[in-house]
There are 2 protein chains.
Amino acid sequence: MTELITEPLDTGPALCEEGRDLTRDVLERIGDKWSVVVICKLADTTRGFNELRRLSGPISQRMLSATLRRLERDGLVTRTVHNTKPPRVDYALTPRGLSLLGVVRALARWAEENASGILDSRTAFNAEQA
Amino acid sequence: MTELITEPLDTGPALCEEGRDLTRDVLERIGDKWSVVVICKLADTTRGFNELRRLSGPISQRMLSATLRRLERDGLVTRTVHNTKPPRVDYALTPRGLSLLGVVRALARWAEENASGILDSRTAFNAEQA
DNA sequence: CGGCATCCCTTTTGATACTG
DNA sequence: CAGTATCAAAAGGGATGCCG
């Protein structure tokens, strides 16, 4: 029987299986394309949706929305809705998100320090392949 | 409409800058699903392909191969071919890979420490959604 | 303004089969 | 043992439209 395409846009379940390696599961979430960027943008202050979007580079509304929801779900950011005019939604890091920020920054620092060396390696590697 | 990009943030090492494509490029590479796992498996010793595969959990041959080649290309691991019988290829961390290991371990430690808390958050979040 | 839904294309990944 | 090749499925991601 034909299965209708039932909502592949997951925000939710199916990730917390029992036999699964928790650590890797967590790492995957963190390792995605935008989470780290967004977390860094929330480093020192609360931000609104579009503000966050402008700061985070070329991220689509859809992806930012999905990223934020995942971060919220994992207890890394809080989402606060203000019933003002115009409406505003603020995002901020939780203590857990803040603790992740430290680790992420260490990684970022390493990346910066090694970026040029890595690019050199890539160039050399590609040259050898030829 | 005014953009109003307040951009004095950056509380330290600049990872999250928009012009920083190199850093993000490196982060993406490192943040991928398997690189961290493989690097950890090479932490203390040289290992062969299938040995690595067994140790790294449910990784397909294809993915391990691709991951290793990326790591080699970026100068993080060395690949040594032994013309023996049966043939054997050893992978080991380079100094650069070793320097990354420290950072990666911090990330892995964070993931371990926060895994259960994150799962709790997810459960709570899913419950609220209902 | 914030943001979910839909359509649709691109990239990634896993199974399987095959080579040196 | 250590891969590469191929194919199909899945996930990622952009564009657009609608709604509160």
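Lettering of chains follows the sequences in order, A, B, ..., and the numbering in each one begins at 1.
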- With axes from five pairs an end, tell me the bend angle of the helix from dC1(C)-dG20(D) to dG20(C)-dC1(D), nearest 10°. 40°
- Query: Going through the checks in order, is the side-chain contact (heavy atoms from CB on, under 4.5 Å) test met by L100(B) and L107(A)?
  - Reply: CA-CA 8 Å; L100(B) 176 58; L107(A) 190 57; 4.2 Å; yes
- Query: Can you tell me how far C1' of dC1(C) sits from CZ of R47(A), to the nearest Å?
  - Reply: 17 Å
- Item | ILVMFWY cluster, Y91(B) and I59(B) together (side-chain gap under 4.5 Å) | yes
- Task: Could I get the full list of side chain to side chain donor-acceptor pair (under 3.5 Å) partners for R69(B), not counting sequence neighbours?
- Result: S65(B)
- Query: Would V89(B) end up clustered with L55(B) when hydrophobic side chains under 4.5 Å apart are linked, directly or stepwise?
  - Reply: no
- Message: Checking R79(B) now: which residues fulfil salt bridge (charged side-chain N to carboxylate O under 4.0 Å, His left out) with it, not counting sequence neighbours?
- Response: none
- Positions of residues 73-83 of chain B (non-hydrogen atom under 4.0 Å from DNA chain D), listed by number: R79(B)
- Message: Counting only side-chain nitrogens and oxygens, does Y91(A) get under 4.0 Å of the OP1 or OP2 atom of dG3(C)?
- Response: yes
- Counterpart residues, salt bridge (charged side-chain N to carboxylate O under 4.0 Å, His left out), relative to R122(A) (two or more places apart): D25(B), D74(B)
- Which atom names give the shortest non-hydrogen contact between D90(B) and H82(B), and what distance separates them? OD2-NE2, 2.9 Å
- Task: Verify the contact: side-chain N or O of N50(A) to OP1 or OP2 of dC1(C), cut-off strictly under 4.0 Å; return yes or no.
- Result: no
- Message: Rounded to whole Å, how long is the line connecting atom CZ of R53(A) with atom C1' of dG3(C)?
- Response: 11 Å
- Message: Keeping S56(B) on the side-chain end and V37(B) on the backbone end, is there a donor-acceptor pair under 3.5 Å?
- Response: no
- Message: Would you say R69(B) places a side-chain N or O within less than 4.0 Å of OP1 or OP2 belonging to dT4(D)?
- Response: yes
- To the nearest angstrom, how far is K85(A) atom NZ from dG20(D) atom P? 18 Å
- To the nearest angstrom, the CG-P distance between L64(A) and dG2(C) comes to 10 Å
- Can you find a side-chain donor-acceptor pair between W110(B) and S99(A) that sits under 3.5 Å? yes
- Message: Please give me the minimum heavy-atom distance between R96(B) and I118(A), naming the atom from each residue.
- Response: NH1-CA, 3.6 Å
- Message: Could you check whether any side-chain N or O of R53(B) sits under 3.5 Å from a backbone N or O of L64(B), counting only pairs where one atom can act as donor and the other as acceptor?
- Response: no
- Using a 4.0 Å cut-off on protein heavy atoms (strictly under), produce a 5'-to-3' string for nucleotides 13-20 of chain C with B for base contact, S for backbone-only sugar-phosphate contact, and - for none. BBB-B--B
